[in-house]
Protein chains: 2
Amino acid sequence: MAKRTRHEKAGCPVARPLDVIGDCWSMLIVRDAFDGLRRFGEFQKSLGLAKNVLAARLHSLVDYGVLEIVPASDGSAYHEYVLTEKGRALFPVLVALRQWGERFCFKPNERYAQLVDRKRGKPLRRLEVRAQDGHVLEPADTMVIGRPT
Amino acid sequence: MAKRTRHEKAGCPVARPLDVIGDCWSMLIVRDAFDGLRRFGEFQKSLGLAKNVLAARLHSLVDYGVLEIVPASDGSAYHEYVLTEKGRALFPVLVALRQWGERFCFKPNERYAQLVDRKRGKPLRRLEVRAQDGHVLEPADTMVIGRPT
DNA sequence: CCGTATCCATTCCGATACTG
DNA sequence: CAGTATCGGAATGGATACGG
């Protein structure tokens with residue numbers, strides 16, 4: 001009893017990912033991995049969290065197939081953590097979260113780290129939810145069907 | 001000591017939202033709110049979590065401005081929880097998470113609840129990250145600048 | 001430099017009882 | 001129905017010591 005609920009068996013594709021990245025640190029590790037961080041120490045320095053916690057999260061992400069362990073690129077004895085295809089596919093989630101944070105979690109004058117188009121140095125276009133024919137959809141234009149019992 | 005780290009002061013717009021929706025339940029409450037659930041009992045029935053936990057999460061979401069409390073629409077003595085503009089702006093986050101879950105958290109034959117275009121009943125287009133000029137961007141085509149120290 | 005192991009405070013969460 | 005109050009177990013997470 002009193003065990004933490006897992007969503008692995010939920011029939012909802014929103015719920016299951018929360019087991020994987022639904023905590024304080026996992027998304028930030030993924031963010032750093034997108035920024036090119038690979039080494040244990042790099043993550044720790046960037047995030048400032050305890051080493052045991054970092055180790056646990058890294059292993060969890062490896063277990064879930066978001067990260068994989070590869071030999072060190074510089075020939076050192078250690079290994080590095082890089083995003084798998086599954087991990088790289090989190091890019092839109094990260095961008096969505098970031099754009100929401102920019103709009104609603106900062107004061108007007110406050111500075112924040114900005115994700116830009118590398119070629120032009122310009123910020124990205126706002127993400128839009130679209131139907132197959134390309135129409136932009138508002139929440140009210142959508143519905144959920146086929147929810148498993 | 002040993003307090004849970006909050007990201008309110010982080011200069012990264014990915015980090016701050018995690019204080020708001022970076023736990024198991026908040027995103028699911030938001031999902032249900034998008035599905036039109038409004039009453040305490042509806043959320044509880046849908047999510048199957050303890051009432052005290054639900055109450056805490058609802059209040060937290062109200063405090064963060066994601067939900068607001070409005071008088072009951074049916075004239076009953078209680079109130080209801082509805083998304084604010086800030087909450088509705090989480091729609092792309094929810095869709096991004098959902099699309100990732102569909103691809104990577106279900107087996108090929110497994111059924112899941114599907115979000116569709118209400119008019120046509122068809123699934124949505126995959127979210128794409130684009131530059132201002134409309135070009136689709138891969139993670140490698142982007143970079144982070146202006147990270148506050 | 002890269003982790004693992006241990007310890008402990010805090011927080012989370014589920015169950016249940018209770019009030020209006 | 002809509003919550004609040006309380007309890008206890010579990011998980012989280014921080015600090016630090018230690019081994020490769």
Side-chain angles (χ1 to χ4, degrees), chain A residues 1-10 15 18-30 32-33 37-64 67-82, chain B residues 1-10 15 18-29 32-33 36-64 67-82:
Chain A
M1 76 161 93
K3 257 193 188 166
R4 175 76 123 259
T5 310
R6 291 272 102 106
H7 303 286
E8 306 185 14
K9 318 199 72 175
L18 296 177
D19 287 345
V20 185
I21 49 158
D23 78 282
C24 275
W25 295 116
S26 299
M27 250 344 249
L28 297 180
I29 292 172
V30 169
D32 280 352
L37 271 54
R38 306 164 65 96
R39 298 289 282 257
F40 189 93
E42 292 178 321
F43 288 110
Q44 206 210 343
K45 188 173 168 190
S46 164
L47 298 171
L49 80 176
K51 292 200 279 190
N52 55 351
V53 178
L54 176 57
R57 285 286 153 250
L58 285 172
H59 289 149
S60 163
L61 288 170
V62 169
D63 287 346
Y64 277 117
L67 296 177
E68 64 182 339
I69 295 178
V70 301
S73 48
D74 63 353
S76 83
Y78 308 108
H79 42 244
E80 305 184 341
Y81 303 89
V82 300
Chain B
M1 79 163 90
K3 258 193 186 164
R4 171 77 123 260
T5 310
R6 293 269 103 108
H7 303 285
E8 306 185 15
K9 317 200 72 175
L18 297 177
D19 287 345
V20 185
I21 50 159
D23 77 281
C24 276
W25 294 115
S26 298
M27 242 357 238
L28 297 179
I29 292 173
D32 280 352
L37 271 53
R38 304 165 65 96
R39 297 291 281 257
F40 188 94
E42 292 177 322
F43 288 110
Q44 206 211 343
K45 188 172 169 192
S46 164
L47 298 170
L49 80 176
K51 292 201 278 188
N52 53 352
V53 178
L54 177 58
R57 286 285 153 251
L58 286 172
H59 289 148
S60 162
L61 288 169
V62 169
D63 286 346
Y64 277 117
L67 296 177
E68 63 183 340
I69 295 178
V70 301
S73 50
D74 64 351
S76 84
Y78 307 109
H79 42 243
E80 304 183 341
Y81 304 87
V82 301

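Residue numbers start from 1 in every chain, and the chains themselves are labelled A, B, ... in the order their sequence lines are given, proteins ahead of strands.
Between the side chains of A/S76 and A/R39, at least one donor N or O sits under 3.5 Å from an acceptor N or O. When only modelled atom types and interatomic distance are considered, A/S60 and A/D63 share no side-chain donor-acceptor pair under 3.5 Å.
At whole-Å resolution of the value, NE2 in A/H7 and C1' in C/dC13 are 11 Å apart. For the pair B/L28 CG and C/dC13 P, the interatomic distance rounds to 11 Å; values are reported in whole Å. If you measure from atom CZ of A/R57 to atom C1' of D/dG13, you get 9 Å, rounded to the nearest angstrom. Atom CZ of B/F43 and atom C1' of D/dG3 are 15 Å apart (whole Å). One interatomic measurement links the two molecules: CG of A/L18 to P of D/dA11, which rounds to 18 Å at whole-angstrom precision. Remark: C1' of C/dC12 and CG of B/L58 are 16 Å apart, rounded to the nearest angstrom. In this structure, B/K45 places its NZ atom 9 Å from P of D/dC1, rounding to the nearest Å. The CZ-P distance, from B/R38 to D/dC1, rounds to 17 Å in whole Å.
Once rounded to the nearest 0.5 Å, the distance linking CG of B/L49 with CH2 of B/W25 reads 5.0 Å. Here the straight-line distance linking atom CD of A/E68 with atom CG of A/L61 works out to 12.5 Å at 0.5 Å rounding. To the nearest 0.5 Å, atom NE2 of residue A/H59 and atom OH of residue A/Y81 are 4.5 Å apart.
Formation of a donor-acceptor pair under 3.5 Å by the A/D19 side chain with backbone atoms of A/H7 is found in this model.
Under the rule for a ring-ring contact (aromatic ring centres under 6.0 Å, His included), B/F43 has no partner lying at least two apart in sequence or in another chain.
Using a 4.0 Å cut-off between a side-chain N of Lys or Arg and a carboxylate O of Asp or Glu, B/D32 and B/R38 do not qualify as a salt bridge.
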Please list, pair by pair, any protein nitrogen or oxygen found under 3.5 Å from a nitrogen or oxygen in nucleotides 1-4 of chain C.
from  : atom 1 : to    : atom 2 : distance (Å)
C/dC1 : O2     : A/Y78 : OH     : 2.8
C/dC2 : OP1    : A/R39 : NE     : 2.6
C/dC2 : OP1    : A/R39 : NH2    : 2.8
C/dC2 : OP2    : A/G41 : N      : 3.4
C/dG3 : OP1    : A/H79 : NE2    : 2.8
C/dG3 : N7     : A/K51 : NZ     : 3.1
C/dG3 : O6     : A/K51 : NZ     : 2.5

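With a 3.5 Å limit on both pairing distances and Watson-Crick or G-U wobble geometry required, the stems of 3 or more pairs in DNA chain C span C:3-20 with D:1-18.
Here the closest non-hydrogen pair linking A/R57 and A/S26 is CD-OG, 3.3 Å.
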